[in-house]
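Down below is the structure, laid out as structure tokens.
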Amino acid sequence: MSLLDVTDLTVGFDTEDGHVHAVKGISFSLEEGEILALCGESGCGKTVTAMAVPRLLPPQTTRLSGSIRLDGRELTTLPEPLMRQVRGKEVSVVFQEPMTSLNPSFTVGFQIAEVLRRHENLSRAAARNRAAELLELVGIPAPAQRIKEYPHQLSGGMRQRVMIAIAVACSPRVLIADEPTTALDVTIQAGVLDVFRDLRDRLGTAIILITHDLGVVADIADRAVVMYAGRAAEQAPVEELFARPRHPYTLGLMKALPAAAVTGPAGRRRLAEIPGMVPSPLADLDGCAFHARCPQRQDDCLAARPPLVRHGPAHLAACFHPGHSGEQP
Amino acid sequence: MTEPVLQIDSLVKHYGQVRAVDGLSLTIGQGEVLGLVGESGSGKSTVGKCVLRLTEPTSGTITLGGRDVTHLSRRAMRPLRRDVHMVFQDPYSSLNPRFSIEQIVSEPLLRHKLASRREAYGRVAAMLEKVGLRTEMMTRLPHELSGGQRQRVGLARALILEPRLVVADEPVSALDVSVQASVLNLITDLQRDMGFSCLFITHDLSVVEFLADRIAVMYLGRIVETGPTADLFAEPRHPYTQALLSAAPVPDPVKARERRRIVLRGDVPSPLDPPAGCRFHTRCPLAFDACRTVEPELADPRSGVHPAACHLVTPEHRPDAAVPGRTIEY
């Protein structure tokens, strides 16, 4: 049993345009002290998958099935009052936008202390002291002064560190970070990624990192799930994934990066393109969702959906015609 | 030597107390792509806006094709607008949602009275084909298009008058990787085929490495280093450029974990009150006394090496203790 086991998770939303299939059966596990990246492009379902764990999806319109077990305890059916004790204490979230996820009218010290007072029953003074310690933990200088400041007095990078401090205040088992560095400049991003690495090393926190940036995945994750159209296309330890991508979509993403440019005819620099567009989430095709854009496609790709198949230790890919063990398929 | 398409001299733009651009000079030659790189608040977008006179410079001069346009009236500026066009970052808000694609792309032609409606139709169709959109798209509205298609429309609108200069402000930053790749290929092809010059503004080093001939790195309203793309990436000379390159994500787990990252202290200081001396000295791991008082110039004393505004590369202020040589060792 892993720390977190997600099994056959399906999430849909009822909308005016019909039923949106956001996540169509995804399974993965998370071990203690592991950094798992959920990656993919806009609309692939990575955020919905992760937000289903702390049950942060709107209950009125969400249709969810499958199982989410934290330490063996089923979260999908947990009564809301009990879930409230899980949220923020055992599973916590760092959101993408540090500008809007902090309350502008309270000091950052108050906002960190609020979590501690709620979940840990700390006194006001003890919570304040612990808030300063947490700011120090996430690398904010002069924490005793900073706890008295309001969010607008902090830079974007500092705000994101405050968000992380709030998220780790109760030493959660699982920390979910949704594009935590996307809004930040690269020189600031490097420091914030170091904070996550440090938290994992020092506190053993397991982290689910949602990102579209393969550079961030390569930098910090232990393992990655590449998602496409609501399903896992490929799942592997990060070094294995980058050395031997098996799914044509993973390979396509890697070759589309500007860093992977090749010099083509007439000395022109070219990037590999992935033609076509992501299929609409309103429809659910029978075959492989990637087939229309896939350079490897054959007739069978349309007929049935390729299951996730093992291609090596801990390496899974959902493709009938995967790349071989070398770099090129 | 042919006249530069764009020349900016000592450009200053202050928004009230905010010193967004504070003494910046650059030139772009015929058919050249200059990548203007910087982090948020460095002033890079303000430079682009000043070039198009979308905002009025506080001081300095902007010369387009040999003509000083800094103080031209709106009316006098109008014919020159044929030669300079802009591509914006957000393909969702930069197209009028009530206009069809045909109306959007033909507007520059009609506005400058360069074509009748009938002629415009043909030219729009041809332009759309160049940017990889089918002519059926002409009757569509922006909301019916994907982000990548909208950015192609933005390019078609910017290029339909065959401008000499295109200012592109983060044109691919809002796009997913797979879409970004096709738009970057398209920009490269169009630039080679049509020969326009380009001021390409971005925070993304890998994007400028892909398509720029030359790069200028901005920090707090000033250029700290500029040079040919290959030279700047092979041998960054300013400590800020070095930090920026070392912090950029590398999509290779082995390299990403082995490399030595230069982690900068603190945050970018406020452009309300930039630090005295070198603006980077508050975060620079190599700063010494002169850096806190004397502002380094972007002049290069040695020929054949690209310029960087740092006392470590312009030796007169450098203490003997600092390491001489071409690259700065940490």
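Just so we're on the same page: letters track the sequence lines, and every chain starts at 1.
- Ranked by heavy-atom pairs under 4.5 Å with chain A, the first of Val250(B), Val268(B), Val172(B), Leu205(B) is Val250(B).
- For the 3.5 Å distance criterion, the side chains of Gln296(A) and Tyr249(A) fail to qualify, holding no donor opposite an acceptor.
- Donor-acceptor pairing under 3.5 Å is lacking for the side chains of Ser182(B) and Glu273(A).
- In terms of heavy-atom pairs under 4.5 angstrom with chain A, the leader among Leu244(B), Val254(B), Asp204(B) is Leu244(B).
- With no hydrogens or angles considered, no side-chain donor-acceptor pair links His203(B) and Glu39(B) at under 3.5 Å.
- At a heavy-atom separation below 4.5 angstrom, chain A is approached by Val207(B), Glu209(B), Phe210(B) within residues 207-222 of chain B.
- Of all the listed residues (Leu257(A), Thr187(A), Ile274(A)), the one sharing the greatest number of non-hydrogen pairs under 4.5 Å with chain B is Thr187(A).
- In the model, Arg293(A) has a side-chain atom that pairs as donor or acceptor with a side-chain atom of Tyr228(A) under 3.5 Å.
- Using the six-membered ring where Trp is involved, Phe280(B) and Tyr240(B) have ring planes that are perpendicular, over 60° apart on the 30 and 60° scheme.
- For the pair His212(A) (side chain) and Ser42(A) (backbone), a donor-acceptor distance under 3.5 Å is absent.
- Between the side chains of Glu129(B) and Thr135(B), not a single donor N or O lies within less than 3.5 Å of an accepting N or O.
- Checked by atom type and distance alone, the side chain of Thr241(B) never pairs as donor or acceptor with a backbone atom of Pro236(B) at under 3.5 Å.
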Next on the checklist: Pair Val262(A), Arg269(A) - check side-chain contact (heavy atoms from CB on, under 4.5 Å), show working.
Outcome noted: CA-CA 6 Å; Val262(A) 291; Arg269(A) 300 256 286 155; over 6 Å; no
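- In terms of heavy-atom pairs under 4.5 Å with chain A, the best-connected choice from Asn185(B), Leu184(B), Thr188(B) is Asn185(B).
- Interface residues of residues 138-147 of chain B toward chain A, defined by a heavy-atom distance below 4.5 Å and sorted by number: Ser146(B).
- Per-residue counts of heavy-atom pairs under 4.5 Å with chain A were compared for Ala247(B), Pro253(B), Ala181(B); the largest is that of Pro253(B).
- Under a 4.0 Å N-O distance rule, the pair Arg261(B)/Asp194(A) qualifies as a salt bridge.
- The most heavy-atom pairs under 4.5 Å with chain B, out of Ala221(A), Ala261(A), Gly252(A), come from Ala221(A).
- Asp219(A) and Lys255(B) are not joined by a salt bridge, as no carboxylate oxygen comes within less than 4.0 angstrom of a charged side-chain nitrogen.
- For the set Gly191(A), Gly157(A), Pro275(A), Ser155(A), the count of heavy-atom pairs under 4.5 angstrom toward chain B peaks at Ser155(A).
- Ranked by heavy-atom pairs under 4.5 Å with chain B, the list Leu193(A), Val186(A), Ile188(A) is led by Val186(A).
- A side-chain N or O of Thr202(B) and one of Glu170(B) form a donor-acceptor pair less than 3.5 Å apart.
- Between Glu234(A) and His315(A), the side chains place a donor N or O and an acceptor N or O closer than 3.5 Å (distance only, hydrogens not considered).
- The line from CG of Leu264(B) to CZ of Arg283(B) is 4.5 Å long, rounded to the nearest 0.5 Å.
- When heavy atoms are compared at a cutoff of 4.5 Å, Ile220(A) approaches chain B solely by way of its backbone atoms N, CA, C and O.
- Looking at Ala272(A), the atoms closer than 4.5 Å to chain B (heavy atoms on both sides) all sit in the backbone: N, CA, C or O.
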